[in-house]
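The next block holds one structure in the form of structure tokens; read it before the comments.
Every chain is numbered from 1 and lettered A, B, ... according to where its sequence line falls, protein lines coming before strand lines.
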Amino acid sequence: MKRLGAAFFDRRTETVAKELLGKYLTLRTKTATLSGLIVETEAYHENDPASHSYKGKTPRNAPMFGKPGHAYVYFTYGMHWCFNIVTEKDGTAGAVLIRAVEPVSGIELMKKNRKKKDVYQLTNGPAKFTQAFGITEKYNNMDLINGAIGIYDERQRMPGSIVRTNRIGISVAKDDLMRFYVRDNPFVSVK
DNA sequence: CTCTGGATTAGCT
DNA sequence: GCTAATCCAGAGC
């Protein structure tokens, strides 16, 4: 398993979103290792009306304008966290929202964190995934190249056929085809 | 300062 | 299908 470096993330947001499918996302703490295979992503690029970065840099969205390969974690709907991976060169906004993963390791801890026992309900949504992994503001702006969360590639693994479609839960740029998921994977949030 | 609505989810009808 | 939960960023005054 090879850990992905900054060069992977320092590219067009859309390209990174598509290529993240089939990669492993692993979080290591002192007491546990949680890992999942990324099966659903969404791209939010610089000149995108649906992106938090659209109207310019603010304290909240600043990580999106920062270094590629860092995390952008934000709080929404008064109760949920969403986890993004920053893309594009330093100074240019862009991020990929991780919407769903297929649980690989640490499944018992995910069940505990989610208070659910059905494995299909653990990580099939952006806020379900962060809850299962225990991701909160602590991880905002974290370096994913060297930090506790990393993205890993297992070369032999093929992600399968990729579906490209419109994003979920936004009110502008509804028809932009910026969502990507692995066809027929049962852990995708919405078919 | 006040107000609006959100890159969601769970639970009910 | 509908909506409460529950906080806060961003916009407008």
Side-chain angles (χ1 to χ4, degrees), chain A residues 9 12-21 23 25 36 38-66 68-88 92-103 110-142 144 149 151 162-182 185-191:
Chain A
F9 304 101
R12 286 182 70 214
T13 306
E14 197 183 319
T15 306
V16 177
K18 198 185 322 176
E19 293 191 14
L20 276 171
L21 297 177
K23 302 290 191 285
L25 186 154
I38 299 170
V39 297
E40 182 181 351
T41 61
E42 280 180 2
Y44 288 87
H45 61 86
E46 175 96 340
N47 296 308
D48 178 353
S51 173
H52 291 167
S53 62
Y54 186 56
K55 292 174 180 168
K57 193 171 173 176
T58 66
R60 181 206 201 191
N61 67 25
M64 289 188 78
F65 289 82
H70 283 229
Y72 169 46
V73 179
Y74 68 87
F75 187 65
T76 192
Y77 290 104
M79 64 190 84
H80 298 303
W81 297 97
C82 288
F83 176 84
N84 298 252
I85 299 177
V86 176
T87 58
E88 311 276 358
T92 300
V96 175
L97 172 70
I98 303 300
R99 283 194 58 89
V101 307
E102 176 176 330
M110 293 183 201
K111 288 179 178 173
K112 193 176 150 209
N113 288 342
R114 289 273 299 132
K115 300 182 171 66
K116 299 263 180 197
K117 50 188 178 184
D118 178 5
V119 72
Y120 295 103
Q121 290 301 315
L122 296 177
T123 54
N124 63 330
K128 296 182 191 180
F129 154 68
T130 56
Q131 190 180 36
F133 276 59
I135 294 172
T136 65
E137 80 282 353
K138 295 191 304 261
Y139 292 90
N140 192 29
N141 215 23
M142 171 178 277
L144 306 180
I149 296 176
I151 308 300
I162 293 172
V163 180
R164 175 176 189 157
T165 181
N166 58 305
R167 293 172 292 193
I168 307 290
I170 55 171
S171 57
V172 294
K174 276 192 178 73
D175 299 323
D176 285 1
L177 302 177
M178 289 294 167
R179 172 169 171 251
F180 303 89
Y181 66 88
V182 177
N185 184 287
F187 296 91
V188 167
S189 68
V190 182
K191 275 58 170 198

Pairing partner (Watson-Crick or G-U wobble, both distances under 3.5 angstrom) of C/dT6: none
Any strand: nucleotide that pairs with B/dA7 via Watson-Crick or wobble, under 3.5 Å: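 The answer is none; no pair meets the criterion.
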Closest contact, heavy atoms only, A/Tyr72 versus A/Asn140: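 Minimum heavy-atom separation between A/Tyr72 and A/Asn140: CA-OD1, 3.5 Å.
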Closest approach of A/Met110 to A/Pro103 (non-hydrogen atoms, all atoms of both residues): SD-CB, 3.9 Å
Heavy-atom protein contacts under 4.0 Å, nucleotides 1-13 of chain B, coded B base, S sugar-phosphate only, - none: -----BBBSSS--
Parallel, tilted or perpendicular: ring planes of A/Phe129 versus A/Phe83, cut at 30 and 60 degrees: perpendicular
A/Asn61 CG - C/dG10 C1' separation (whole Å):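 So the two atoms are 11 Å apart, to the nearest Å.
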Check: A/Arg167 side chain, A/Ala43 main-chain N or O, donor-acceptor pair, under 3.5 Å: yes
Contact under 4.0 Å: A/Lys55 side-chain N or O vs C/dA11 OP1/OP2: yes
C/dA4 versus B/dT4 - spacing of their P atoms, nearest Å: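 Looking at atom P only, C/dA4 and B/dT4 are 16 Å apart.
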Neighbour count above 12 (heavy atom, 6.0 Å) for A/Tyr54 OH: no
Salt bridge (Lys or Arg N to Asp or Glu O under 4.0 Å) involving A/Arg179 - partner list, sequence neighbours excluded: A/Glu40
